[in-house]
2 protein chains.
Amino acid sequence: MQPENCSENSQLYRFLAENGMINVGAYGFPGAAMQTLCTSSSTSYHNNNYHFESSVITDMTPQDRALAALKNHKEAEKRRRERINSHLDKLRGLLLCNSKTDKASLLAKVVQRVRELKQQTSELSGLESFPSETDEVTVLSGEYSSDGQLIFKASLCCEDRLDLMPDLNEILKSLHLKTLKAEMVTLGGRIRNVLIIAADKDHSVESVHFLQNALKSLLERSNSSEKSKRRRILDRKLVSQ
Amino acid sequence: MQPENCSENSQLYRFLAENGMINVGAYGFPGAAMQTLCTSSSTSYHNNNYHFESSVITDMTPQDRALAALKNHKEAEKRRRERINSHLDKLRGLLLCNSKTDKASLLAKVVQRVRELKQQTSELSGLESFPSETDEVTVLSGEYSSDGQLIFKASLCCEDRLDLMPDLNEILKSLHLKTLKAEMVTLGGRIRNVLIIAADKDHSVESVHFLQNALKSLLERSNSSEKSKRRRILDRKLVSQ
DNA sequence: TGCAACACGTGAATC
DNA sequence: TGATTCACGTGTTGC
């Protein structure tokens, strides 16, 4: 083996070990044996001192730097795994899963559960069909259909007025949104609109937020038209952002 | 290196390669170089024929068997990864996440989302406080409290009768469940019960299902007492299962 | 014995 | 560069 071929770290390790440049202790080269050492005891790992740890930062040889980088990398990867696994454990708690349920099955249950819950909330929110006293804008986070379109539900409740529907259509048109289904209920001068909307695959997620903002400003505009001019100027800002 | 020390597969690989017992092709020993080959093209992997693939199963040498096992292991692990990742992709779709959101962040959002949705459904289901016309049993999947107890909500809607509450208490007692809070609404001879319940850490998850079944059979029993004897017999079956 | 699931360290890619 | 994320192959453990 020749030094100039040691581009890979495992080879670097072996090269250094074979030339007595690092202290490998009782075990062989770290690629195979150090793993067992680390897993057997997490505390002993920190006592496992490479010689570069006692040297000053300024005079690190290239080998030292490579080793330090490798150590960093190893530890960062461990932290990443722990982060992911801690979230999986939280999900096990939320879904009432045994702590022994394997990752794949757990995630399958999570997918199923999220679908169920979303459908439940969607159905339950559809029950409030009569216009409420307070103004409301709700855009329920939707789901991607099989053909890649994003389907979601938007609900708007406000004072009824003549140019509300033209304004609403204008917003949907400008955001390239298609209305699949629309429910309108008016009562005592107020109106509730529930729309099932499809978005192109291109702008889907952004469109949801744009629509939410547009509907909010539409609602604010309805109110401001009966109030001061100062509010109307503020509303313009909301629209443009 | 000596043959009897080759308990590890990577060492086995190298030993076999160095003695010309396997065809390693242009690259070195598989532990390092084969990985790059596999990632560069998934189809070429299947064309990457070890010599044992052409031999008959009956006359496999120990080396062949070890290699076959290693190959199986490798492929199984790949399938496992794909299974997990496909579920993660589904979750990305459900949460409207960019396909580039990393696993940890995605899972954090999933945890948050499940909590939100559970709270929403719990709140919304609490709104239907008046007894409905139809009989209902709902046991909402709960959540583990900080001290390890499982807290969940159970809802029961049926004809009111004198011995309903004693029966209900009997069920809760036999399952070692503690009632933290109870709401009762009666209207027109019907009753709706909403209970917040705590379960011991020991039987928590099972208790939820037992309670669901017990409540269902309690409800069936209430109906059957006003109806034919044939139904009552059927109900017994339901209870015992 | 073999299979399934896991944690690990590593190389590569992206920023 | 260095930090971060991912897929991969491997060793190990429990059924």
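Order of the sequence lines fixes the chain letters, A, B, ..., with proteins taken first and strands second; residue numbering starts at 1 for each chain.
L180(A) has its side chain out of reach of I197(A): every pair of non-hydrogen atoms, C-beta onward, lies at least 4.5 Å apart.
We find that CZ of R92(A) is positioned 13 Å from P of dA5(C), with the value rounded to whole Å. Look at CD on E75(A): it is 17 Å from P on dG2(D), rounded to the nearest Å. We find that CG of L70(B) is positioned 16 Å from P of dA4(C), with the value rounded to whole Å. We find that CG of N98(A) is positioned 12 Å from P of dC15(D), with the value rounded to whole Å. Across the protein-nucleic acid pair, N72(A) atom CG and dG11(C) atom C1' stand 16 Å apart, rounded to whole Å. Atom pair D102(B):CG and dC15(C):C1' shows a separation of 13 Å (rounding to whole Å applied). With rounding to whole Å, L67(B) atom CG is found 15 Å from dG9(D) atom P. dT10(C) atom P lies 13 Å from atom NZ of K71(A), rounded to whole Å.
No donor-acceptor contact under 3.5 Å links the side chain of R65(B) to the base of dG2(C). Looking at E77(B), its side chain comes within 3.5 Å of the base of dC6(C) through a donor and an acceptor atom. Between the base of dG11(C) and the side chain of H73(A) there is a donor-acceptor pair shorter than 3.5 Å.
Salt bridge present: K71(A) and E75(A) bring a charged side-chain N and a carboxylate O closer than 4.0 Å. Salt bridge annotation for R113(B)-E116(B): present, with a cationic side-chain nitrogen under 4.0 angstrom from a carboxylate oxygen. At a threshold of 4.0 Å, the pair K74(A)-E77(A) does not count as salt-bridged, since none of the basic side-chain nitrogens sits closer than that to a carboxylate oxygen.
The shortest distance between the side-chain N/O atoms of K78(A) and the OP1/OP2 oxygens of dC8(C) is below 4.0 Å. Close to dA4(C), at under 4.0 Å from its OP1 or OP2, lies no side-chain N or O of R83(B). Within the structure, every side-chain polar atom (N or O) of R80(A) is placed at least 4.0 Å from both OP1 and OP2 of dT4(D). Remark: N85(B) is in phosphate contact with dA7(D), judged by side-chain N or O atoms under 4.0 Å from OP1 or OP2.
Nearest-nucleotide assignment on DNA chain C puts the 5′-proximal partner with T101(A), out of T101(A) and R81(A). Looking at which nucleotide of DNA chain D each of I84(A) and K100(A) is closest to, the 5′-most match is held by I84(A).
Judged purely by distance below 3.5 Å, without hydrogens or angles, the side chains of S105(B) and D102(B) pair a donor atom with an acceptor atom.
Among the protein residues, R79(B) comes within range of no part of the nucleic acid, since none of its heavy atoms lies under 4.0 Å from any strand.
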